[in-house]
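This report concerns only the one structure given below.
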Amino acid sequence: MGEKDLRKSMSVLTIGTVIRLTSLTARQIRYYGDQGLVFPERTESNQRLYSLNDIDRILEIKDYLDEGMNIHDIKRIYYKQQLRKSKKGELTDVEARNYLKDDFLNAGRLNKSNDFRSNRL
DNA sequence: ATTCTCACA
DNA sequence: TGTGAGTA
């Protein structure tokens, strides 16, 4: 990983900045984090801090949502992407369990109607 | 002035 | 998802 990428992964932007850069509401931005789609850091005062990479991902999520996908579909996409990145590490296995566990928990109550799993990446 | 969590007439 | 309340 180069220095440039390192800078892009530095969490230094407050949610206010993210709002201006993405035209999304604080509610939506925080929600993506709650769903494990982005992982902003936290300051000692519990303030969320986003990186430029987070901005890219948030913008991407926004597009996917506009294209009709739901949080679950997007989760699957990033889940598969990470499987490809780390071919078979122990960390992946652990994270895989977390993703699935989280998936099942949320699947228990809400939306059972949206069952179009088309976007296989 | 900003952001955070929580909850819903 | 919006929004208002009550904080930090």
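So that the names make sense, note that chain A is the first sequence line, chain B the second, and so on, each numbered from 1.
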Could you state the [atom1]-[atom2] distance from [X] to [N], rounded to the nearest angstrom?
{"X": "A/Leu49", "N": "B/dT2", "atom1": "CG", "atom2": "P", "value": "16 Å"}
{"X": "A/Glu41", "N": "B/dT3", "atom1": "CD", "atom2": "C1'", "value": "17 Å"}
{"X": "A/Leu37", "N": "C/dT1", "atom1": "CG", "atom2": "C1'", "value": "16 Å"}
{"X": "A/Leu13", "N": "B/dT2", "atom1": "CG", "atom2": "P", "value": "16 Å"}
{"X": "A/Tyr31", "N": "C/dT3", "atom1": "OH", "atom2": "C1'", "value": "17 Å"}
{"X": "A/Ile19", "N": "B/dA1", "atom1": "CD1", "atom2": "P", "value": "16 Å"}
{"X": "A/Leu24", "N": "C/dG2", "atom1": "CG", "atom2": "C1'", "value": "14 Å"}

- request: For A/Ser11 and A/Arg48, run side-chain contact (heavy atoms from CB on, under 4.5 Å): C-alpha distance rounded to whole Å, both residues' side-chain angles, the deciding distance at 0.1 Å, then the answer.
  value: CA-CA 9 Å; A/Ser11 301; A/Arg48 268 168 270 246; over 6 Å; no
- prompt: Which one, C/dG2, B/dC4, C/dT1, comes nearest to the side chain of A/Ile15?
  reply: B/dC4
Under 4.0 Å between a side-chain N or O of [X] and OP1 or OP2 of [N]?
{"X": "A/Ser45", "N": "B/dT3", "answer": "no"}
{"X": "A/Arg48", "N": "B/dC4", "answer": "yes"}
{"X": "A/Asn46", "N": "B/dT5", "answer": "yes"}
{"X": "A/Thr14", "N": "B/dT3", "answer": "yes"}
{"X": "A/Tyr32", "N": "C/dT1", "answer": "yes"}
{"X": "A/Gln28", "N": "C/dT1", "answer": "yes"}

- request: Please answer: with hydrophobic residues joined when any side-chain heavy atoms are less than 4.5 Å apart, are A/Tyr78 and A/Leu65 in the same cluster?
  value: yes
task: Could you tell me whether A/Arg42 atom CZ has more than 12 heavy atoms of other residues or ligands within 6.0 Å of it?
output: yes
field: Stepwise side-chain contact (heavy atoms from CB on, under 4.5 Å) test for A/Val18 and A/Leu21
entry: CA-CA 5 Å; A/Val18 181; A/Leu21 260 31; 5.7 Å; no
Provide the Watson-Crick or G-U wobble partner of [N], both distances under 3.5 Å; none if there is no partner.
{"N": "B/dT3", "answer": "none"}
{"N": "B/dA9", "answer": "none"}
{"N": "C/dT7", "answer": "none"}

query: Given that A/Arg30 and A/Arg27 both sit by DNA chain B, which one's nearest nucleotide is further toward the 5' end?
result: A/Arg30
- prompt: Hey, does A/Leu24 have a side-chain heavy atom less than 4.5 Å from the side chain of A/Tyr32?
  reply: yes
